[in-house]
Amino acid sequence: MRKAIIALLLIVCVVGAFLFLSHRARPVAGGSVIRARMNADIASSDPGTRRDANTDAVLLHVAEGLVAAREDGSVGPMLASSWTVSPDGRTYRFMLRHGIRFHNGAPFTAADVKWSLERYLAPETHWRCRTDFGPGGIARVTAITTPDPHIIDVTLDRAAPLFLTMLTRLDCGGTGITHRDSVGPDGKWRYPIGTGPFRWGEWRHNQYVDLLRYADYRSLPGKPDGNGGGKQALVDRIRFSVIPDGSAASAALLRGSVDIVDQLAPNELGNIQGSPGIKLVSAVSSEFYYVLLQTNTPTLRDPRLRQALALSIDVAGLTRVSTHGTAVANSSPVAVVSPYHGATEKALVQRNLPLARALVKASGYRGEPIQLMTSHSPPEMYDNAILVQAMAREAGINIEVVSLDWATQLARYSSGDYQASIFGFSARLDPSLTFSLLIGDRATDPRKVWNSPAARDLLARSIATGDRQQRQALFDRLDGLFRQEVPAIVLYNTRRVTALRGSVVGYRAWPAQSLRLWNVAPGNAR
């Protein structure tokens with residue numbers, strides 16, 4: 001009798017476990033799915049904190065901000081239906097949309113916006129853009145108030161024409177509003193509970209991230225527009241699969257294991273182009289590749305050596321070889337697709353080995369090795385480093401290439417622990433935001449490489465005005481100072497190529513180049 005009871009209990013446990021696991025798996029197992037490749041795992045699930053471009057792209061499907069960047073870079077409504085600005089330019093009043101619910105069913109109110117914004121501004125959150133809303137940023141936030149359940153006021157210490165643009169920044173997580181249950185009782189982040197067309201599903205580190213269709217999503221009217229406009233979840237699930245190797249990603253696309261390969265490596269283009277059932281979508285982007293230089297290190301302190309390094313590089317040739325002709329060479333921190341990329345910014349730095357050698361000699365440089373940090377993800381990072389090394393050698397500059405895994409390189413960049421680095425920056429839709437990647441006080445933010453008082457002044461003035469002509473003049477002056485002081489060397493703006501299965505419909509490329517999979521469908525049943 002005892003054995004029978006034990007056997008019965010074992011059966012009940014096994015059946016119970018099976019039913020539990022089946023229930024857990026059901027939301028991500030069936031229904032329609034879009035499968036997209038990522039070249040690396042996301043850094044976290046907390047918008048705008050520990051992040052990279054992949055993290056930003058995934059979380060923009062889950063958490064939405066008050067406003068969003070449109071296709072042309074302007075600011076449009078998202079969770080706010082409209083807004084007004086006080087006559088002194090210091091107080092922004094946002095009127096919130098009605099009828100929106102978070103993914104946990106809770107109603108969306110001004111109190112939730114206040115909680116999210118205050119959490120972002122708390123030092124312990126480590127929000128990427130917190131310093132931009134502090135004493136040294138565009139303006140300091142002095143008050144966040146909720147005069148009505150659907151009205152929120154944000155008051156600044158001074159007028160800031162770029163305030164709304166800053167809220168839309170992809171690297172800030174679009175200042176996505178999340179429910180307070182995203183954080184546990186212990187104050188630690190759990191997972192994002194947002195308002196977007198997809199809700200958080202499952203994250204298996206270094207394997208995949210699953211997002212699930214949010215059935216109660218309230219879309220804006222009209223067509224999709226950048227990260228805003230009308231957005232619909234047309235599939236039950238999005239799976240972002242981590243496939244670091246470009247060849248493996250291409251093979252997965254060709255055999256139908258994935259539907260979309262974004263950021264197709266230039267050296268993989270030949271394996272995909274012309275393949276039956278595959279189509280390519282591309283756009284020149286605001287993404288940049290730089291050689292970042294730590295100007296406070298003894299070897300690179302003399303601007304003449306940095307100028308020599310810039311003059312040793314054939315930017316057009318490097319771009320053509322490294323990207324297989326897909327990218328656009330650029331010597332300016334103002335992107336080639338920007339309306340501010342004028343005559344000053346269009347001038348490419350031309351290779352001049354005699355002048356480079358003369359500057360090397362004048363700087364007192366004696367051939368000390370300069371370590372150039374890079375990685376193989378994406379592959380052109382390493383290719384760029386090898387080409388820079390070879391070109392610099394002809395000017396008498398000894399470059400030593402150090403290849404790291406991407407996570408280590410990102411950590412070293414964040415801490416400023418390098419001499420020189422090949423580095424890629426994700427898209428910014430305003431030149432002030434691009435310059436701000438470089439300009440700042442490295443004592444408080446080690447990521448900054450350009451601590452020039454003149455540059456900081458010009459950047460602050462570009463942020464403080466909304467006048468088109470004044471801003472163009474300021475960017476022209478910043479560009480000239482950048483070429484003179486050389487805290488970094490711009491190489492090119494990418495042309496981001498996305499390969500799709502021929503049946504996929506609705507995918508659109510744009511200069512901001514975040515992977516947007518709302519309004520996208522596989523085009524056939526699975």
Side-chain angles (χ1 to χ4, degrees), residues 52-53 171 284-297 300 303 305-319 322-323 327-338 341 345 347-349 370-375 377-389 391-392 397 399 401-404 406 409-410 412-414 416-428 431-440 442 445-452 455 459 475 478-479 481-496 513:
D52 57 13
D171 60 314
V284 177
S285 80
S286 300
E287 294 176 326
F288 279 92
Y289 275 96
Y290 284 83
V291 182
L292 299 179
L293 304 172
Q294 287 288 358
T295 58
N296 62 332
T297 58
L300 291 170
L305 182 59
R306 303 195 301 268
Q307 291 167 6
L309 181 57
L311 289 168
S312 74
I313 299 172
D314 175 3
V315 175
L318 177 147
T319 301
S322 180
T323 73
V328 180
N330 185 12
S331 294
S332 172
V334 180
V336 294
V337 294
S338 170
H341 193 79
E345 292 75 20
L348 280 181
V349 174
I370 299 170
Q371 289 194 341
L372 178 61
M373 184 174 69
T374 190
S375 75
S377 181
E380 57 264 35
M381 292 269 281
Y382 185 76
D383 295 343
N384 287 337
I386 295 301
L387 289 168
V388 168
Q389 179 189 50
M391 292 175 179
I397 302 173
I399 298 291
V401 174
V402 178
S403 182
L404 306 169
W406 167 240
Q409 185 184 12
L410 182 61
R412 293 271 295 271
Y413 159 72
S414 298
D417 181 20
Y418 62 90
Q419 280 184 289
S421 177
I422 299 289
F423 205 77
F425 286 115
S426 55
R428 307 295 192 275
S432 292
L433 304 182
T434 307
F435 277 111
S436 69
L437 292 167
L438 307 172
I439 300 170
R442 64 169 57 88
D445 189 348
R447 297 172 302 170
K448 309 301 184 183
V449 294
W450 197 9
N451 201 22
S452 161
L459 175 61
F475 294 140
L478 270 170
D479 184 274
L481 190 62
F482 174 83
R483 295 169 191 247
Q484 176 186 336
E485 298 188 355
V486 197
I489 301 165
V490 181
L491 300 176
Y492 54 83
N493 288 119
T494 64
R495 177 181 290 276
R496 189 154 164 173
Q513 288 301 296

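Computed over heavy atoms, backbone and side chain alike; hydrogens, waters and symmetry mates excluded.
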Residue pair Leu293 / Val449, side-chain heavy-atom distance below 4.5 Å: no
Sub-4.5 Å side-chain heavy-atom contact between Trp450 and Leu478: yes
Side-chain donor-acceptor contact under 3.5 Å, Thr295 with Arg442: yes
Heavy-atom side-chain proximity of Thr323 to Arg495 below 4.5 angstrom: no
Considering all heavy atoms, the nearest Ser452-Leu481 contact: OG-CD2, 4.1 Å
Asn493 side chain to Val336 backbone, donor-acceptor under 3.5 Å: yes
Enclosure of Phe425 CZ (heavy-atom neighbours >12, cutoff 6.0 Å): yes
Rounded distance (nearest 0.5 Å) linking atom CD1 of Ile399 with atom CG of Leu309: 5.5 Å
From Ile489 atom CD1 to Ile313 atom CD1, the distance as rounded to the nearest 0.5 Å: 4.0 Å
Under 3.5 Å donor-acceptor, Arg412 side chain and Tyr418 backbone: no
Donor-acceptor contact present, side-chain Lys448 to main-chain Ser436, <3.5 Å: yes
Val486 versus Gln307, closest heavy-atom pair with distance: CG2-CG, 3.7 Å
Nearest-0.5 Å distance that lies between atom CZ in Arg496 and atom OG1 in Thr494: 7.0 Å
Inter-residue atom distance Ser338.OG - Glu345.CD, 0.5 Å rounding: 8.0 Å
Distance in Å, Ile386 CD1 paired with Glu380 CD, rounded so as to fall on 0.5 Å steps: 14.0 Å
Shortest non-hydrogen contact between Leu433 and Arg428, atoms and distance: CB-CB, 3.9 Å
Ile397/Ile370 under side-chain contact (heavy atoms from CB on, under 4.5 Å): CA gap, chis, key distance, verdict: CA-CA 8 Å; Ile397 302 173; Ile370 299 170; 3.9 Å; yes
Between CD on residue Gln371 and CD on residue Gln294, distance to nearest 0.5 Å: 13.0 Å
Minimum heavy-atom distance Glu485-Pro303, with the two atoms named: O-CB, 4.4 Å
Ser331 and Phe482, any side-chain heavy atoms less than 4.5 Å apart: no
Donor-acceptor contact below 3.5 Å, side chain Arg447 vs main chain Ser414: no
Contact check, side chains of Val388 and Leu372, non-hydrogen atoms, under 4.5 Å: yes
Flag side-chain contact, heavy atom, 4.5 Å: Val349 against Arg483: yes
Near-ring test Tyr289/Tyr492, centroid separation under 6.0 angstrom: yes
Closest non-hydrogen atom pair between Leu438 and Ala488, with its separation: CD2-CB, 4.4 Å
Among Leu491, Val334, Val490, side chain to side chain contact (heavy atoms under 4.5 Å, CB included) partner for Phe288: Val490
Gln409 and Ser421: side chain donor to acceptor below 3.5 Å: yes
Proximity of Trp406 and Phe423 rings by center, below 6.0 Å: yes
Flag, side chain of Thr319 to backbone of Val315, donor-acceptor distance under 3.5 Å: yes
Shortest non-hydrogen contact between Ser322 and Leu387, atoms and distance: CB-CD1, 4.1 Å
